[in-house]
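Input: a single structure, listed below in structure tokens.
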Amino acid sequence: MRLRQEARVLKEKAISSIVIATEAFNSPHDRGRATKVLLYLQHSFEMLLKAALVQKGVGVFDPALGRSLGFETCVRKVMEHPDIKLNEPDAGTLRAIDALRDDEQHWFNQVSEQLLYVHARAAVTLFDDLLQCVFKEPLGNHLPLRVLPVSVDPPRDLSLLLDEEYTQIAALLQPGRRATHEARARIRTLLAMEAHTEPDTRVSGKDVDRVQAGIRGGSPRAEVFPRLQQLATATDGEGLLIKLRFVKNQDAPPVRYVADETVPAAAIREVDLQAKYHRSATDLAKDVGLSSPRCTALRRHLGIDADPACYHEFVFSSMRLPRFSDNALKRLRTARDTLDMEAIWKAHDPAARNRTPCTVPGCQAQ
């Protein structure tokens, strides 16, 4: 494959980092081992995502700041690209690795050997998938099978691992143990893992406080970490050829969101609304591939502006700035490809004085 010059450089940096991460995981020395694994895993994927975007002709620089895009923005752009196969569970794996790395780099957490293994092994599986999808080459060309992440303690059921970790945290929080700092470090790890199922996960001190209070109050894991109930792993192969992926637990109960901050559970999370609702109406229309008026008509038909999962209005003094989330983009793209756009345009044209009644099924316009 003929590579763009910048894509070639970024791909080589990505491969170098995944090799170093694997080498660190298999190292006989424990000092700094988990830190090195997480930092280089995250760096390997940021470089690989940018290499993929550059190769596909997608810009990776913020025109306003003149700086390269951040990790989360790259994940979103890759998910939106039709030629790069990155589904929601895979994106969750990337976000979880980034969240674990963030705490490890800027504060501290404690990742058990089993949880470190499943993330490292899932990372290698996903890295190989993306490398083959975009660049048509396997990771095996650069990393022999004998040095892939290996463990004398093979992966077990993820639910069992999480239960064991939760029990360990509860034990550390017992009176007289004087191990609260270690318990909070482990709590931060489990909170970071919620990024597998919640794209806007940000670990904050308030979240750690609520979880700590919930555990000390005797609440079960399902109540304190409801989002982790939705998480499972799927493995293929055996031995050195094992492939591990994080998947959605189909048997998990739905997450119940609460607004009362007195509830001692991690179901209440601080969310960066500007990160979640990051598209203007103009950006949204461009990403959907419609003119602004036609995109407005489609938004009205679907009731996008009335859906809190899609729309949020930021108020700064006298200014009101409407912004849209990735959920809005997905709904609009699906509707664009499956509905009668001409009928929607005639019924919801923003500039039309006399609109025809909307005959398209499912119209949400008031």
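Position 1 is the first residue of the sequence, and the numbers go up from there.
Counting non-hydrogen atoms of other residues, nucleotides and ligands closer than 6.0 Å to OH of Y311 gives a total above 12. Counting non-hydrogen atoms of other residues, nucleotides and ligands closer than 6.0 Å to NE2 of H106 gives a total above 12.
As a member of the Ile/Leu/Val/Met/Phe/Trp/Tyr network built from side-chain separations under 4.5 Å, V247 groups with nothing else and remains a singleton. Cluster partners of F108 are W107, counting Ile, Leu, Val, Met, Phe, Trp and Tyr whose side-chain heavy atoms approach within less than 4.5 Å, directly or via other members. In this structure, L69 stands alone, with no Ile, Leu, Val, Met, Phe, Trp or Tyr side-chain heavy atom under 4.5 Å from its own, directly or through other members.
The aromatic rings of F316 and F314 sit parallel, their planes meeting at an angle under 30°, below the 60° perpendicular limit. Taking the six-membered ring where tryptophan is involved, the planes of F246 and H196 are tilted, since the angle between them lies from 30° to 60°.
The one candidate from D128, D129, D90 that meets the salt bridge (Lys or Arg N to Asp or Glu O under 4.0 Å) condition with R245 is D129.
Hydrophobic cluster membership is shared by L162 and L116, with clusters built from Ile, Leu, Val, Met, Phe, Trp and Tyr side chains linked at under 4.5 angstrom. L3 and M47 end up in the same hydrophobic cluster when Ile, Leu, Val, Met, Phe, Trp and Tyr side chains are linked at under 4.5 Å.
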Going through the checks in order, is the side-chain contact (heavy atoms from CB on, under 4.5 Å) test met by R323 and H312?
-> CA-CA 5 Å; R323 288 293 184 267; H312 182 79; 5.6 Å; no
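Here the closest heavy-atom approach between residue V75 and residue A91 is recorded as CG1-CB, 3.9 Å.
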